[in-house]
Amino acid sequence: MERPLLPKAYEPQEVEAKWYRFWQEQGLFRADETSPEPPFSIVIPPPNVTGDLHMGHALNNTLQDILCRARRMQGYNVLWVPGTDHAGIATQNVVERQLAGENLDRHQLGREKFIERVWDWRRIYGGNIINQLKRLGASCDWSRERFTMEDGLSLAVRRVFVSLYEQGLIYRGYRIINWCPRCTTALANLEVDAEDYGGHLYYIRYSVVDGEESLVVATTRPETMLGDTAVAVHPQDERYRALQGRKARLPLVGRELPIIADPHVDREFGTGALKVTPAHDANDYEIGQKHGLDTVRVIDDRGIMSGAAGSYAGLDRFACRTKVVEDLKAQGYLLKTEAYRIRLGHCYRCKTVIEPTLSEQWFVAVKPLAAEAMGAVREGRTRIIPAMWEKNYFDWLENIEDWCISRQIWWGHRIPAWYCRECGEVVVALTDPAACGRCKGATLVQDEDVLDTWFSSALWPFSTMGWPVETPELERFYPTSVLVTAFDILFFWVARMMMMGLHFMGEVPFRDVYIHALVRDAEGQKMSKSRGNVIDPLVIMDRYGTDAFRFTLAAFAAQGRDIRLAEERIEGYRHFVNKLWNASRFTLMNLDGSSLDEPQPPPEQLADRWILSTLQRVIREGTEALESYRFNDYASSLYQFTWHEFCDWYLELIKPVLYGEHPRGRRITQLILAHSLSAILRLLHPIMPFITEELWHHLAVNGGSIMSAAFPQADPTLIAPQAEKEMTLIMGVTTAVRNIRGEMNISPAAQLAAVVYGPEGSLQLLEAHASSVRDLARLSTLTLCRDGDRPRLAASAVVGELEIFLPLEGILDFQEETRRLQKEIGKLEPELARAKKKLTNEDFLGRAPAEVVAKEREKSDRLGAKLQKLQEQLHRLVKLAGGR
RNA sequence: AGGCACGUAGCUCAGGGGGAGAGCACUACCUUGACGCGGUAGGGGUCUGGGGUUCAAAUCCCCACGUGCCUACCA
């Protein structure tokens with residue numbers, strides 16, 4: 001069969017789109033919920049609908065795709081569930097910005113109209129990231145794409161909320177929460193990023209009522225003093241003993257504050273006296289609860305000073321701080337100000353400084369759920385890989401606090417709670433209630449708030465499969481096989497999925513959790529838009545091709561280490577892609593119409609036996625690497641094998657056979673060449689889906705997708721130690737000749753004669769493969785000698801038991817050759833000395849395992865013999881030079 | 001303040017008790033019928049420092065220094 005010649009270089013652009021379409025048309029990504037094959041399932045970490053593909057997504061989804069594609073080829077029934085997250089705050093922010101461009105805000109629009117706008121937005125832009133995932137080659141089952149706000153998943157959310165409420169695990173409470181004044185919503189503790197902040201510590205004097213004394217408090221937030229309702233000191237603090245139980249007067253305001261004693265106060269910090277603002281500080285609130293203090297909210301939902309702040313009302317909280325400090329100073333209350341670094345909470349979405357605020361919110365009592373989640377990992381029902389992350393997982397779950405789940409935004413799952421206007425009853429129900437369960441009143445008002453986005457994400461592994469309906473998907477694919485994610489959402493997402501999965505499915509959501517690295521820039525900085533160091537994966541894919549990019553990510557994905565991505569590396573791997581292309585091009589040119597899928601004959605030639613033997617090892621090691629999520633080992637062993645074993649040695653070795661005149665031998669080699677390349681393509685396909693598919697269609701006859709081809713399995717009967725040994729000899733001799741050539745600056749084109757001395761056995765091996773060595777080393781003749789005088793005027797080398805001489809009458813540079821031999825000797829001597837020293841050490845001989853001693857002895861003998869030969873060669877040369 | 005990683009060739013990183021490795025970069029040579037996105041050869045490292053365990057340490061342990069990250073209610 002005639003096949004067109006491939007172009008000289010691989011051009012990824014048109015190829016990629018073509019094959020992705022083909023895979024989809026063929027339905028190759030589809031999972032079959034009725035298939036009897038063993039299931040393998042993954043749920044995608046759903047990207048935000050507002051998102052664009054960044055490096056983190058690219059890595060995350062490349063790794064998942066590698067697993068899915070390999071498993072599919074191994075015969076598993078693979079389900080990779082894709083989808084997006086509605087990302088409450090982020091999406092609402094985006095649409096609000098859009099509105100702002102029209103001089104509108106959401107309140108002008110009203111809740112219903114606003115929600116419509118968000119859905120419109122989603123229809124237009126929400127598919128962005130999905131298309132970008134397709135561009136990456138992700139083999140998700142798109143027929144099962146999910147969105148956290150769609151009906152089915154919303155039903156799951158409501159069901160879970162109602163159940164947890166009925167079980168007493170969801171409750172409503174009035175307490176200090178994290179408040180973002182810009183997003184005007186409560187946040188969970190996790191959604192607050194602590195960041196270093198260069199602030200000040202202000203020392204403020206409070207006078208004591210009915211006395212001459214005063215006491216000084218230290219604070220970083222003077223503006224909150226307007227809401228102070230006490231001053232606290234440590235009960236055992238002698239300095240303040242006399243003041244306990246008396247009252248202090250609040251400067252600027254004049255309010256009288258009780259001076260209370262509480263062990264929470266740190267005597268070492270500041271002055272040992274603490275101003276207590278229960279409405280704006282979590283600790284102060286606790287103290288307030290204990291001592292029955294009033295709460296005065298002086299900062300409102302937008303971060304503006306409230307009416308309770310008296311003359312400061314209407315000021316922004318930061319402006320107010322400045323004003324308060326000025327006034328304190330003017331009135332002599334400010335003793336001193338120190339620069340002070342503090343870690344302050346910031347909104348993880350908009351970076352605004354968080355305001356701790358007293359507020360009524362919904363909470364999940366997570367402790368009992370967390371206990372289950374810890375147990376499952378402790379019992380090994382879910383493995384966290386690498387295991388070092390287990391510690392983080394346990395630490396967090398052990399110290400977990402109740403989860404604030406209500407958000408004061410509009411875009412999200414509305415809390416299914418209604419309040420009766422007549423009797424105040426709270427109704428929590430699966431279906432919207434028509435009347436109050438207690439007083440039968442019909443005026444029910446639904447809670448305005450929506451749920452934390454992560455609440456719905458926590459249900460993702462089972463809600464995407466149809467829960468609460470008992471679907472065949474759940475039956476087959478839950479628990480999922482593995483969750484692939486980065487550590488930054490271990491708590492946000494993984495731990496919560498564990499809790500919800502265990503609680504509602506009675507089974508862990510995944511068998512394995514593979515935690516991969518974070519992608520950073522070449523300097524190790526986190527990539528971020530504000531730093532301007534973002535490398536856009538889409539640009540990279542345009543520039544280098546998706547396969548080169550994916551290969552780079554896989555090759556870098558070593559466990560437990562961040563990835564520093566430099567563009568040069570991607571370029572390097574593009575060369576590898578091109579190398580594969582050209583190896584295939586060569587193969588295609590030399591197959592005479594044989595195809596990749598013809599049965600493979602038993603190998604006869606050394607090169608064939610050797611490449612198949614090496615291939616089996618690569619398959620075995622590669623499969624093991626993949627099964628233990630060592631993606632980098634997988635990638636680099638394939639790189640090494642393809643480039644160095646297959647291209648550098650094997651292809652060169654078989655050229656004479658392919659160009660030669662022995663039809664039978666040529667035929668066998670063609671088929672083994674075809675088979676080896678086929679295995680390489682199939683092994684590489686999970687990492688580099690596009691080029692392997694393209695080449696597969698050029699080289700295979702059946703027209704099917706490489707996705708449906710079987711993943712290579714190692715055949716131990718093809719492992720041939722003898723062939724590997726013989727190849728080692730051939731490669732050694734070849735390299736030695738090339739080395740002399742290189743160091744002596746002899747043109748690669750010059751044909752050289754070589755004379756080899758050595759014992760019978762090695763010579764026979766060499767003789768059997770003499771023509772290969774002649775070709776590889778560009779030798780005109782290869783003369784084998786049992787003994788006799790060594791050639792004069794020759795460059796020489798030692799390989800194993802063999803001595804190699806290249807007679808270079810007329811062109812030998814004595815000095816250069818002398819230097820070369822001395823260098824070799826110089827490398828050998830310390831190594832031999834080290835081995836000999838070990839062998840004279842009684843302790844080593846007595847305590848080291850026998851095989852280590854034997855190995856050391858063998859090494860010493862070998863190096864000794866080699867050194868002796870080299871020294872003889874050097875002496876001969878020096879004598880000769882002296883005699884001239 | 002605690003915890004977790006990491007410090008190996010100029011750069012990016014593998015390795016992980018018994019002969020220092022890769023890719024890129026560098027140097028020299030090369031239109032050898034797949035590939036110059038290539039070939040061949042070469043140079044380059046007291047494996048951060050110091051102790052300890054061991055017959056043997058880049059590898060295990062301790063300490064120090066440096067870097068990064070996570071967690072925490074000292075205002």
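All chains are named by letter (A, B, ...) in the order of the sequence lines, taking the proteins before the strands, and each is independently numbered beginning at 1.
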Asks: Say you pick atom P in B:A56 and the same atom in B:A14; how far apart are they, in whole Å?
Replies: 30 Å
Asks: Expressed in angstrom and rounded to an integer, what is the separation of A:L677 atom CG from B:C35 atom C1'?
Replies: 14 Å
Asks: Could you go over nucleotides 36-44 of chain B and give all protein N or O partners under 3.5 Å, atom names and distances?
Replies:
{"from": "B:C37", "atom 1": "O4'", "to": "A:H575", "atom 2": "NE2", "distance (Å)": "3.0"}
{"from": "B:C37", "atom 1": "O2'", "to": "A:N578", "atom 2": "OD1", "distance (Å)": "3.2"}
{"from": "B:G38", "atom 1": "OP1", "to": "A:H575", "atom 2": "ND1", "distance (Å)": "3.4"}
{"from": "B:G38", "atom 1": "O3'", "to": "A:K579", "atom 2": "NZ", "distance (Å)": "3.0"}
{"from": "B:G39", "atom 1": "OP1", "to": "A:K579", "atom 2": "NZ", "distance (Å)": "3.0"}
{"from": "B:G39", "atom 1": "OP1", "to": "A:W643", "atom 2": "NE1", "distance (Å)": "2.5"}
{"from": "B:A41", "atom 1": "O3'", "to": "A:N739", "atom 2": "ND2", "distance (Å)": "3.4"}
{"from": "B:G42", "atom 1": "OP1", "to": "A:N739", "atom 2": "ND2", "distance (Å)": "2.8"}

Asks: Can you give me the closest heavy-atom contact between A:T224 and A:K275, atom names plus distance?
Replies: OG1-NZ, 2.7 Å
Asks: According to a strict under-4.0 Å criterion, is A:R569 in side-chain N/O contact with OP1 or OP2 of B:U12?
Replies: no
Asks: I need the CG-C1' distance between A:L190 and B:C70, as an integer number of Å.
Replies: 12 Å
Asks: Between B:G7 and B:U59, how far apart are the C1' atoms? Round to whole Å, please.
Replies: 14 Å
Asks: Going by the side-chain contact (heavy atoms from CB on, under 4.5 Å) test, name the single residue among A:V513, A:I515, A:I384 that passes it with A:E390.
Replies: A:I384
Asks: Rounded to whole angstroms, how far apart are CD on A:E851 and P on B:G19?
Replies: 14 Å
Asks: Using 4.0 Å as the upper bound for N to carboxylate O, is an ion pair formed by A:R819 and A:E816?
Replies: yes
Asks: Classify the ring geometry of A:F646 against A:F641: parallel below 30°, tilted from 30° to 60°, perpendicular beyond 60°.
Replies: tilted
Asks: Mind checking if A:E652 touches a base, just sugar-phosphate, or nothing, with heavy atoms under 4.0 Å?
Replies: base
Asks: Regarding A:N582 and A:N578, is there a side-chain donor-to-acceptor distance under 3.5 Å anywhere?
Replies: yes
Asks: Any base atoms under 4.0 Å from A:T219, or only sugar-phosphate, or nothing? Heavy atoms, all strands.
Replies: sugar-phosphate
Asks: Students often mix this up, so state it plainly: with edges at 30° and 60°, are the rings of A:F586 and A:Y659 parallel, tilted or perpendicular?
Replies: perpendicular
Asks: If you define the side chain from C-beta out and look only at heavy atoms, does anything of A:Y393 sit under 4.5 Å from A:V377?
Replies: yes
Asks: Rounding to the closest angstrom, what is the interatomic distance between B:C65 and B:U27 at atom C1'?
Replies: 36 Å
Asks: Mind calculating the distance between CD1 (A:I570) and P (B:U12) to the nearest angstrom?
Replies: 15 Å
Asks: Have a look at A:K655 and say if it touches a base, only the backbone sugar-phosphate, or nothing, with a 4.0 Å heavy-atom cut-off.
Replies: base
Asks: Can you name the closest pair of heavy atoms from A:E743 and A:K823 and give their distance?
Replies: OE2-NZ, 2.7 Å
Asks: Name every donor-acceptor pair, under 3.5 Å, that has one atom in a side chain of residues 843-866 of chain A and the other anywhere in the protein, sequence neighbours excluded.
Replies:
{"from": "A:E858", "atom 1": "OE2", "to": "A:R862", "atom 2": "NE", "distance (Å)": "3.0"}

Asks: Please state how far atom CD in A:E286 lies from atom C1' in B:A72, giving the value in whole angstrom units.
Replies: 14 Å
Asks: State yes or no: are the ring centers of A:W643 and A:Y639 separated by less than 6.0 Å?
Replies: yes
Asks: Write down the distance separating the C1' atoms in B:A9 and B:C24, rounded off to the nearest Å.
Replies: 12 Å
Asks: Any side-chain N or O of A:Y393 below 4.0 angstrom from OP1/OP2 of B:U71?
Replies: no
Asks: Using atom CZ of A:R175 as one end and atom P of B:C73 as the other, report the distance to the nearest whole Å.
Replies: 14 Å
Asks: Taking for each residue the nucleotide of RNA chain B bearing the nearest heavy atom, is the 5' side occupied by A:R862 or by A:K391?
Replies: A:K391
Asks: When the C1' atoms of B:G38 and B:A20 are compared, how many Å lie between them, rounded to an integer?
Replies: 29 Å
Asks: Report which part of the nucleic acid A:A749 touches: base, sugar-phosphate, or nothing (heavy-atom distance under 4.0 Å, all strands).
Replies: nothing
Asks: Between A:A555 and A:M589, name the one whose nearest nucleotide on RNA chain B is closer to the 5' end.
Replies: A:A555
Asks: Taking atom P in both B:U48 and B:C13, compute the distance separating them and give it to the nearest angstrom.
Replies: 15 Å
Asks: Kindly point out which of B:C70, B:A20, B:G18 is positioned nearest to the side chain of A:N392?
Replies: B:C70
Asks: Nearest heavy-atom pair of A:I176 and A:P278: which atoms, and what distance?
Replies: CD1-O, 3.3 Å
Asks: Are the aromatic ring centres of A:Y573 and A:Y544 under 6.0 angstrom apart?
Replies: no
Asks: Tell me the interatomic distance from A:H200, atom NE2, to B:A75, atom P, rounded to whole angstroms.
Replies: 15 Å
Asks: Can you list the stems that RNA chain B is part of, where a stem is at least 3 pairs in a row, each Watson-Crick or G-U, with both distances below 3.5 Å?
Replies: B:1-7 with B:65-71, B:10-13 with B:21-24, B:26-30 with B:38-42, B:48-52 with B:60-64
Asks: Measure from CD on A:E856 to C1' on B:G17 and round the result to the nearest Å.
Replies: 14 Å
Asks: Would you mind classifying the nucleic acid contact of A:F556 as base, sugar-phosphate or nothing, using non-hydrogen atoms under 4.0 angstrom?
Replies: sugar-phosphate
Asks: Given the P atoms of B:C29 and B:G45, what is the spacing between them in whole Å?
Replies: 23 Å
Asks: Heavy-atom contacts under 4.0 Å between residues 336-345 of chain A and RNA chain B, which residues?
Replies: A:Y340, A:I342, A:R343
Asks: Can you tabulate the close N/O pairs, meaning under 3.5 Å, that link protein atoms to atoms of nucleotides 55-59 of chain B?
Replies:
{"from": "B:C55", "atom 1": "OP1", "to": "A:R847", "atom 2": "NE", "distance (Å)": "3.2"}
{"from": "B:C55", "atom 1": "OP1", "to": "A:R847", "atom 2": "NH1", "distance (Å)": "2.2"}
{"from": "B:C55", "atom 1": "O2'", "to": "A:N841", "atom 2": "ND2", "distance (Å)": "3.3"}

Asks: Counting C-beta onward and ignoring hydrogens, is there a side-chain heavy-atom pair between A:L658 and A:Q670 closer than 4.5 Å?
Replies: yes
Asks: Listed by chain and number, what are the side-chain hydrogen bond (donor to acceptor under 3.5 Å, both in side chains) partners of A:R205, not counting sequence neighbours?
Replies: none
Asks: Between A:R175 and A:D402, is there a side-chain heavy-atom distance shorter than 4.5 Å?
Replies: yes
Asks: Compare all side-chain heavy atoms of A:L653 with those of A:L776 and state whether any distance is below 4.5 angstrom.
Replies: yes
Asks: Could you tell me how far B:G68 sits from B:U32 if I compare only their P atoms? Round to whole Å.
Replies: 50 Å
